[in-house]
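Scroll down for the structure; my scribbles are underneath it.
Throughout, protein chains are lettered first and strands after them, A, B, ... in sequence-line order, and every chain is numbered starting at 1.
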Amino acid sequence: MITVTFPDGARREFAPGISGLEIAKGISPSLAKRTIAMALDGVLSDLSDKIDRDVSIEFISRDDPRALELIRHDAAHVLAEAVQTLWPGTQVTIGPVIENGFYYDFYRNEPFTPEDFPAIEKKMREIIAKDKPFTKEVWSREQAKKVFREKGENFKVELIDAIPPGEDLKIYKQGDWFDLCRGPHMTSTGKIGNAFKLMKVAGAYWRGDAKNPMLTRIYGTAWPDQKQLDQYLHMLEEAEKRDHRRLGREMDLFHFQEEAPGAVFWHAKGWSLFETLTSYLRRAQMDAGYLEVNTPQLMDSQLWVQTGHMEKYREMLFLTEKREDDERVFAIKPMNCPGHVQVFKNGLKSYRDLPLKLAEFGKVHRFEPSGALHGLMRVRAFTQDDAHVFVTEEQIAEETLKINNQLLEIYKDFGFEDVRIKFSDRPEQRIGDDVIWDKAEAALKEALERSGKAWTLNKGEGAFYGPKLEYVLRDAIGRDWQCGTIQVDLNMPGRLGAFYIAPSGEKVTPVMLHRAMFGSLERFIGILIEHYAGHLPLWLSPTQAMVCTITSDADSYAQELVQTGARVGLRFEADLANEKINYKVREHSLAKIPVLLVVGKKEANERTVSIRRLGSTDQKSMPWEDALAMLKAEAVPPDLQRAEGLA
RNA sequence: GCUGACGUAGCUCAGUGGUAGAGCACUCCCUUGGUAAGGGAGAGGUCGACAGUUCAAUCCUGUCCGUCAGCACCA
C-alpha cells in the first residue's frame, strides 16, 4: 500500500497504481469533475497518472494559479490542431507557454497572417467545444520516429533525436490529433475555456539559430476567464500609452528620421533631461573618485585590430574610406575602452596610482542590424556613461563590489528597487586563456556574494574579452533591457601594452574593469520615460512649471515669475496665449508638465499663485514667495538633498 | 540580417486606375474667459524613393529606404 497525504494533512492508503482521478472520484464526484490536474509532491502532473509511491497530493482546479500554464499549454496544442486541420501539410514544431500566453511554431511555405486568426480561433473553439480528453501514451523512439516521419513531421523527428536516451517519449492525444510533448495537460480540451486570443504572427528560426529555416510563430494569450483576458488586453493598451516613442513625441523630447536610422535628434526638452542626468552622474562619479576624460571619436582602425574588435565586429564598425593622400582607414569608436587605455599608458603609472578610474560620457557608434533598432532602447549612436577602473588583481573583487553598490544606490534614486542582476560567463568565441577567465569569473562571483544580491546565470553570454554582470531593467510592455554593466577584463590592457610598475619594480599588466551605470543614456532615458509614464519628477522634468495666465492682465506678472524662477535655477515657462484657462490646463497636462501656476488679475494684485499638480485636480493658492521656495526645495536632485544633510 | 505587416498634411487616420480628404495641431480675426478642448476664417501634401505596366499610377508590379512586431544579434 502507498500513503497519500492531502493538503489538509490527512493521510490515506491506496493500492499502488491508483490514478489521481480515481482518488478524486473516491472523495467526491464533484471534486473529480472540477479537478483538471494534480500536483504530486508539488510537481504538476496529469490527473490520469498512476501513483505508486508515498506522495502528497493536491488537486488543481481551473482557478488555481498553477492551472494557468496548463490552460495555455493546452491552448497551444489546440492551436496546432486547428492549424493542421485548416492547412493540412503544415508541420508542427514546438509550442511552449510563455509569460502572459503561449505560442506555436509552424513550418509552411505560405506564411500565416493575422487575417487567418478568425478562422483559426473559430476552429479552436470547435475543438474546445468537443471537450476531447487528453490521453497520454509512452512510445518507443523507433515507433515515434516512424509515425512522425510518415506524417511528414520532419521537425518532430529532429526533436525526438534530441531527447536524452533515458527519458520517456510521451505522446498526448486529443481525439485523433496527437503531439509529442513533455506534458502535463488538463483532462480535456473543454477545460481551456474561451478566454483566449491569438495576438500576432512573427518569424522565428528553428531552434533559435539564424542558420536554420525560419518558421512562422503564432502568439496567443489565454486566461481562466473573460474578465482576466479583458484585463490583460486593457493592460496592454495602457502600456502602449507609456511607450517612450509616443511620449517622446508628445512631450517634445526627441525624434528620429530616415536620414539617420538609429540616431536621436534630441530636442531642447529632451536634451535638458539628458543634461540633468549627466550632471547627476558627474556628481556621483566625482564622489566615487573617478576622473572624467574625453577621447577621440575617430581613431586608426589598426587600434581595433589590436583589441580584437575588427575580427569579431568588423561588420558593426563605421569605417572611413581610404583617401588618396593617406592610406589609413579610421573607425568611429564603438567603445571607449581603448581610448582610456591610451590615457592610462600616457605617462608611467605606478601601483600607487591604482585603482585609477577614468570616466567618459563617450558617444559611440555601432552598426546594429536594422531589425534590432527600437526607439531609444536600441540605437546605432549612443552615449555611454562609461568608465574604466584600472586595478591590480587583488583589487578586482573590492572595486567590483564598490561599483555594484553605487550602481544600486543610483538606481534607487529613480525608483528602481528590484533591479535584476545577470552574471554572464565565458562565451564560446573569446580571447585569452581559460586560467585568466577562471580568475575573472571568480572575482565577479566573489563581489556578487559579498553584495548579497540575488542574481541569475546567463550562460556563455559574456563579452569576448571578459565576463560581465548585467543590471537589467524592464520597459512598459515587459521587455528586458541591459542598462548597467560591470565587466572584468584581463585581456585588453595587455593587448594594448598597458602596464604599471609594481612595488618590486617589475612591469605588470593592470586589470581593467569596464563599468557603466545607466549603460546608454539614450536607453536609460527611454526606460525612465516608461517607468514614470511621462510623469517625470520635478528635478528631471524639462519644464518644471508652466505659468498660465487667465487674462492678458497678468502677462507681465507671469513673465516676472518665469524670470525669477530662472534666476534661482528653475525651468519655468509662461503660456500667455489667447486661450481659456481650461484649454491651457488641458494642453499642459497632456504635455506632462508637473506643475501649473495659474495667475490672473487677482494673483497679480496679491502676488500669489494658484498651484495645480499633474494628475490632480486640486488647486491651492499661496504667496508667490512660498511657492517658489517650495518648488526650489522640491527640485533639488535626490543626491544633493542627501548632501544637504551633511553640510 | 531574417519572416510578416505598414509608409497619405506636424499628429491620428479615411480614400480612389483619371494628380487627394477628416479631426486635432498651425496662422489670422473675434472673444479677456478662473482650472482638461470658446467661435470663425485660412494655409498646409512630389500620397517614402526609384524603376516598370498603362492613354493615365498615390492606387497595380518590382527594387530600394524607413517604421512596427517577433526571431537572430547586442563589445
Side-chain angles (χ1 to χ4, degrees), chain A residues 103 105 110-115 199-219 243 245-246 249-250 252 255-262 304 307-309 312-313 315-317 333-338 364 366-375 377-380 382 384 386 424 427 429-431 461-466 468 470 477 479 481-482 485 487 489 492 514 519-520 523 548-555 578-590 596-603 610-612 614 616-621:
Chain A
Y103 67 77
D105 284 348
E110 284 279 296
F112 299 99
T113 73
E115 279 89 75
M199 303 296 286
K200 54 195 173 194
V201 284
Y205 297 108
W206 167 236
R207 298 190 145 181
D209 190 330
K211 290 194 278 292
N212 289 339
M214 180 152 281
L215 311 168
T216 302
R217 176 172 295 179
I218 298 180
Y219 283 91
D243 189 313
R245 291 165 297 186
R246 173 183 176 144
R249 188 176 55 238
E250 287 172 3
D252 193 19
H255 83 270
F256 289 92
Q257 65 186 53
E258 288 199 16
E259 288 80 354
W304 306 100
T307 61
H309 285 90
K312 191 166 187 331
Y313 290 111
E315 298 302 308
M316 307 273 272
L317 288 173
K333 65 177 175 183
M335 306 182 75
N336 303 297
C337 22
V364 296
R366 299 175 182 178
F367 210 117
E368 301 284 357
S370 57
L373 301 182
H374 179 87
M377 305 298 196
R378 190 81 182 269
V379 284
R380 289 191 176 143
F382 59 101
Q384 293 180 310
D386 205 2
S424 301
Q429 253 196 64
R430 58 180 181 264
I431 57 173
E461 297 293 321
F464 72 91
Y465 49 71
K468 62 179 181 178
E470 294 175 35
I477 51 174
R479 287 186 283 209
W481 299 96
Q482 176 196 315
T485 179
Q487 303 169 9
D489 185 351
M492 207 176 289
H514 305 243
S520 144
R523 174 178 295 179
C548 303
T549 52
I550 304 249
T551 64
S552 50
D553 297 331
D555 283 4
N578 178 14
E579 292 291 348
K580 289 195 172 177
I581 194 62
N582 286 313
Y583 183 92
K584 294 186 185 182
V585 167
R586 176 181 158 80
E587 190 180 18
H588 302 305
S589 297
L590 289 174
L596 301 185
L597 300 176
V598 177
V599 296
K601 200 184 267 180
K602 177 167 161 278
E603 285 80 4
S610 165
I611 295 194
R612 178 183 167 127
L614 181 59
S616 160
T617 52
D618 288 349
Q619 34 188 301
K620 201 166 133 195
S621 183

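Phosphate contact (OP1/OP2 of B:G70, side-chain N/O of A:Arg479, threshold under 4.0 Å): present. In terms of phosphate contacts, A:Asn582 brings no side-chain nitrogen or oxygen within less than 4.0 Å of OP1 or OP2 of B:U35. In this model, the phosphate group of B:A36 is approached by a side-chain N or O of A:Arg612 to a distance below 4.0 Å at OP1 or OP2. Close to B:G4, at under 4.0 Å from its OP1 or OP2, lies no side-chain N or O of A:Tyr219. The shortest distance between the side-chain N/O atoms of A:His374 and the OP1/OP2 oxygens of B:A69 is below 4.0 Å. Checking the phosphate oxygens (OP1, OP2) of B:C68, a side-chain nitrogen or oxygen of A:Arg245 falls inside 4.0 Å. Under 4.0 angstrom from either OP1 or OP2 of B:G1 there lies at least one side-chain N or O belonging to A:Ser370. For the OP1/OP2 pair of B:U35 and a distance below 4.0 Å, the side-chain nitrogens and oxygens of A:Lys584 include no atom meeting the criterion.
Shown here, B:C55 forms a base pair with B:G18; the pair counts as Watson-Crick or G-U wobble because both key distances fall under 3.5 Å. For B:G33, there is no paired nucleotide, since no Watson-Crick or G-U wobble pair has both relevant distances below 3.5 Å. Of the nucleotides present, B:G4 is the one that pairs with B:C68 by Watson-Crick or G-U wobble criteria, both distances under 3.5 Å. Of the nucleotides present, B:G42 is the one that pairs with B:C26 by Watson-Crick or G-U wobble criteria, both distances under 3.5 Å. Nucleotide B:C47 forms a pair with no other nucleotide shown, judged by Watson-Crick or G-U wobble geometry with both contacts under 3.5 Å.
A heavy-atom distance below 4.5 Å is not found between the side chains of A:Phe256 and A:Pro261. Residues A:Val364 and A:Asn336 form a side-chain contact, since some pair of their non-hydrogen atoms from C-beta on lies under 4.5 Å apart.
Base contact: A:Arg366 has a heavy atom under 4.0 Å from a base atom. Counting any heavy atom pair closer than 4.0 Å across all strands shown, A:Pro111 reaches sugar-phosphate atoms only and no base atom. Note on A:Thr113: nothing from the nucleic acid sits closer than 4.0 angstrom, heavy atoms only. Within 4.0 Å of A:Lys211, counting heavy atoms only, lies no atom of the nucleic acid at all. Within 4.0 Å (heavy atoms only), A:Pro334 reaches at least one base atom of the nucleic acid. Residue A:Gly208 is classed as a sugar-phosphate contact, given heavy-atom separations below 4.0 Å to backbone atoms only. Residue-level contact check: A:Ile581 touches the backbone only, with heavy atoms under 4.0 Å from sugar-phosphate atoms and none from bases. Within 4.0 Å (heavy atoms only), A:Gln487 reaches sugar-phosphate atoms of the nucleic acid but no base atom. Counting non-hydrogen atoms under 4.0 angstrom, A:Leu596 reaches nothing in the nucleic acid. In this structure, A:Glu603 reaches the bases: a heavy-atom distance under 4.0 Å links it to at least one base atom across the strands shown. Within the nucleic acid shown, A:Tyr205 comes within 4.0 Å of at least one base atom, counting heavy atoms only. Using a 4.0 Å heavy-atom cutoff across all strands shown, A:Ala463 reaches sugar-phosphate atoms only and no base atom.
The backbone N or O of A:Ala554 lies less than 3.5 Å from no partner atom in the side chain of A:Lys601, so there is not a single donor-acceptor pair. The main-chain N or O of A:Pro427 is found under 3.5 Å from a side-chain atom of A:Arg430 such that the two form a donor-acceptor pair.
In this structure, A:Asp252 places its CG atom 13 Å from P of B:C11, rounding to the nearest Å. Between A:Glu259 atom CD and B:G48 atom P the separation is 15 Å, expressed in whole Å. Residue A:Leu373 contributes atom CG, which lies 11 Å from atom P of B:A69 at whole-angstrom precision. If you take CG of A:Asp386 and P of B:C74, they are 18 Å apart, rounded to a whole angstrom. Between the C1' atom of B:A69 and the CG atom of A:Asp243 lies a distance of 12 Å, rounded to the nearest Å.
For A:Met214, counting side-chain heavy atoms from C-beta on, the closest listed nucleotide (B:C73, B:A69, B:C2) is B:C2.
The same atom, C1', is picked in B:C29 and in B:U58; the two are 36 Å apart, to the nearest Å. Look at the P atom in both B:C6 and B:C30: the space between them is 48 Å, to the nearest Å. Rounded to a whole angstrom, the distance from the P atom of B:G7 to that of B:A43 is 28 Å. Comparing the same atom, P, in B:A22 and in B:G44 gives a spacing of 13 Å after rounding to whole Å.
Between A:Tyr465 and A:His309, the ring planes are tilted. Angles from 30° to 60° get that label.
Both A:Glu587 and A:Lys468 sit near RNA chain B, but only A:Glu587 has its closest nucleotide nearer the 5' end.
Stacking between A:Tyr465 and B:A75 is absent: the aromatic ring centre is not both under 5.5 angstrom from the base six-membered ring centre and within 30 degrees in plane angle.
Checked by distance alone, A:Ser552 brings a side-chain donor or acceptor within 3.5 Å of a matching partner on the base of B:U32.
The two residues A:Ile581 and A:Cys548 make their nearest non-hydrogen contact at CD1-CB, 3.8 Å.
Salt bridge absent: A:Arg207 and A:Asp209 never bring a charged side-chain N and a carboxylate O closer than 4.0 Å.
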